[in-house]
Amino acid sequence: IMKHLLGVFLLVLLVSCKTSYRKVAVNSVSENEKQRVYNFGKRILETCKTREFVQLSQKEVTAGLAKLSLEEMQKACNVLDERNGKFINMELIEIIDDTFAGKSLIYRYKANFEKNDFLNEIRIWVNTDGKFSGIIFREWKDEYIPYK
């Protein structure tokens, strides 16, 4: 019996680790907050068009994101421009809640670029203090896959 209980416990632990996030109804987040996150992502992506990079303020981003250098931003923009062309817009598809582990809300957008050889995702993290803690660009996958 002890072996079976241990096996069930390990199975429950494995399943709970695998599903350590939940989706948030997009309409449960205020329009102001959704617009704030959208504007942040758009501002970052539009700097690729203008090449007028601004240092991010520690009032709105975490220390790690504030340390993002202009050279790193330039490199990311070069990759985006080469692969996708200029940014056009993005559409919020879902919000993932990963705050129970003290982490973030993750906003997932489908992005539209000049060249759409494949669907693009823009993922923006907002920590529990309301600061932006990350942004990545990758190929869109319908199923949410945590980024490590």
Side-chain angles (χ1 to χ4, degrees), residues 9-148:
F9 174 75
L10 290 175
L11 181 62
V12 168
L13 183 63
L14 180 64
V15 169
S16 68
C17 288
K18 185 174 180 177
T19 58
S20 61
Y21 57 86
R22 65 182 176 85
K23 291 183 181 181
V24 173
V26 172
N27 62 1
S28 71
V29 174
S30 77
E31 290 301 317
N32 286 344
E33 181 62 9
K34 288 187 285 193
Q35 192 64 48
R36 184 179 81 89
V37 176
Y38 175 87
N39 289 342
F40 174 77
K42 183 179 177 185
R43 187 178 71 205
I44 297 295
L45 287 159
E46 286 189 341
T47 63
C48 289
K49 278 187 207 178
T50 64
R51 295 296 198 238
E52 293 176 13
F53 300 105
V54 294
Q55 196 62 42
L56 301 171
S57 161
Q58 284 194 342
K59 287 182 178 180
E60 71 174 336
V61 300
T62 59
L65 199 53
K67 291 179 186 173
L68 186 64
S69 73
L70 298 180
E71 293 79 24
E72 290 169 317
M73 291 178 77
Q74 177 72 48
K75 184 178 177 183
C77 285
N78 290 343
V79 169
L80 277 174
D81 286 350
E82 184 177 311
R83 190 177 68 190
N84 303 317
K86 301 297 181 199
F87 169 73
I88 297 171
N89 64 10
M90 58 191 196
E91 175 188 0
L92 180 61
I93 301 299
E94 68 181 349
I95 302 171
I96 305 296
D97 184 352
D98 198 17
T99 58
F100 71 94
K103 294 190 179 177
S104 308
L105 284 178
I106 303 161
Y107 290 73
R108 293 185 71 213
Y109 294 88
K110 280 187 182 175
N112 188 16
F113 289 88
E114 281 179 326
K115 297 185 262 181
N116 286 308
D117 297 335
F118 57 88
L119 287 175
N120 291 278
E121 174 181 353
I122 298 168
R123 196 177 286 188
I124 301 172
W125 284 262
V126 179
N127 74 8
T128 54
D129 294 333
K131 290 185 174 186
F132 298 106
S133 57
I135 183 168
I136 62 167
F137 319 103
R138 63 187 329 184
E139 186 173 355
W140 176 266
K141 304 285 185 210
D142 287 335
E143 186 65 30
Y144 171 72
I145 301 167
Y147 181 76
K148 305 223 180 216

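We use all heavy atoms of the structure for the numbers below, so side chains are in, but hydrogens, waters and symmetry mates are not. Bear in mind the structure is a predicted one, so any value in this text is a computation, not a measurement.
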Trace of the salt bridge (charged side-chain N to carboxylate O under 4.0 Å, His left out) decision for Lys34 with Glu31 = CA-CA 5 Å; Lys34 288 187 285 193; Glu31 290 301 317; 2.8 Å; yes
request  = Let me see the working for Val26 and Leu92 under side chain to side chain contact (heavy atoms under 4.5 Å, CB included), right down to the final yes or no.
outcome  = CA-CA 8 Å; Val26 172; Leu92 180 61; 3.7 Å; yes
task = Might you work through the side chain to side chain contact (heavy atoms under 4.5 Å, CB included) test for Phe87 and Lys42, ending with a clear yes or no?
result = CA-CA 9 Å; Phe87 169 73; Lys42 183 179 177 185; 3.9 Å; yes
Could you check whether any side-chain heavy atom of [X] comes within less than 4.5 Å of a side-chain heavy atom of [Y], counting everything from C-beta outward?
X      : Y      : answer
Val126 : Arg36  : yes
Lys110 : Asn89  : no
Lys23  : Ile95  : no
Leu45  : Phe113 : yes
Ile93  : Tyr107 : no
Trp140 : Arg108 : yes
Val37  : Gln35  : no
Leu65  : Ser133 : no

Rounded to the nearest 0.5 Å, how far does [atom2] of [Y] lie from [atom1] of [X]?
X      : Y      : atom1 : atom2 : answer
Ile96  : Trp125 : CD1   : CH2   : 11.0 Å
Tyr144 : Glu94  : OH    : CD    : 8.5 Å
Phe132 : Ser104 : CZ    : OG    : 11.5 Å
Glu139 : Asp117 : CD    : CG    : 10.0 Å
Met90  : Ile122 : CE    : CD1   : 5.0 Å

Do [X] and [Y] sit within salt-bridge range, that is, some charged N less than 4.0 Å from a carboxylate O?
X      : Y      : result
Glu121 : Arg123 : yes
Arg43  : Glu46  : no
Lys86  : Asp81  : yes

request  = List the steps and the verdict of side chain to side chain contact (heavy atoms under 4.5 Å, CB included) for Asn120 and Phe137.
outcome  = CA-CA 7 Å; Asn120 291 278; Phe137 319 103; over 6 Å; no
Looking at [X] and [Y], what are the two nearest heavy atoms and their distance?
X      : Y      : result
Met73  : Ile44  : CE-CD1, 4.4 Å
Ile145 : Arg138 : O-NH1, 3.8 Å
Glu82  : Lys115 : O-NZ, 2.8 Å

task = Answer yes or no: is there a donor N or O on one side and an acceptor on the other, between the side chain of Asp129 and the main chain of Lys131, under 3.5 Å?
result =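 Judged by distance alone, no pair lies under 3.5 Å.
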inquiry  = Looking at Lys67 and Thr62, would you say the former's side chain and the latter's main chain have a donor-acceptor pair under 3.5 Å?
reply    =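 No, the answer is negative, given that no donor and acceptor are paired below the 3.5 Å cut-off.
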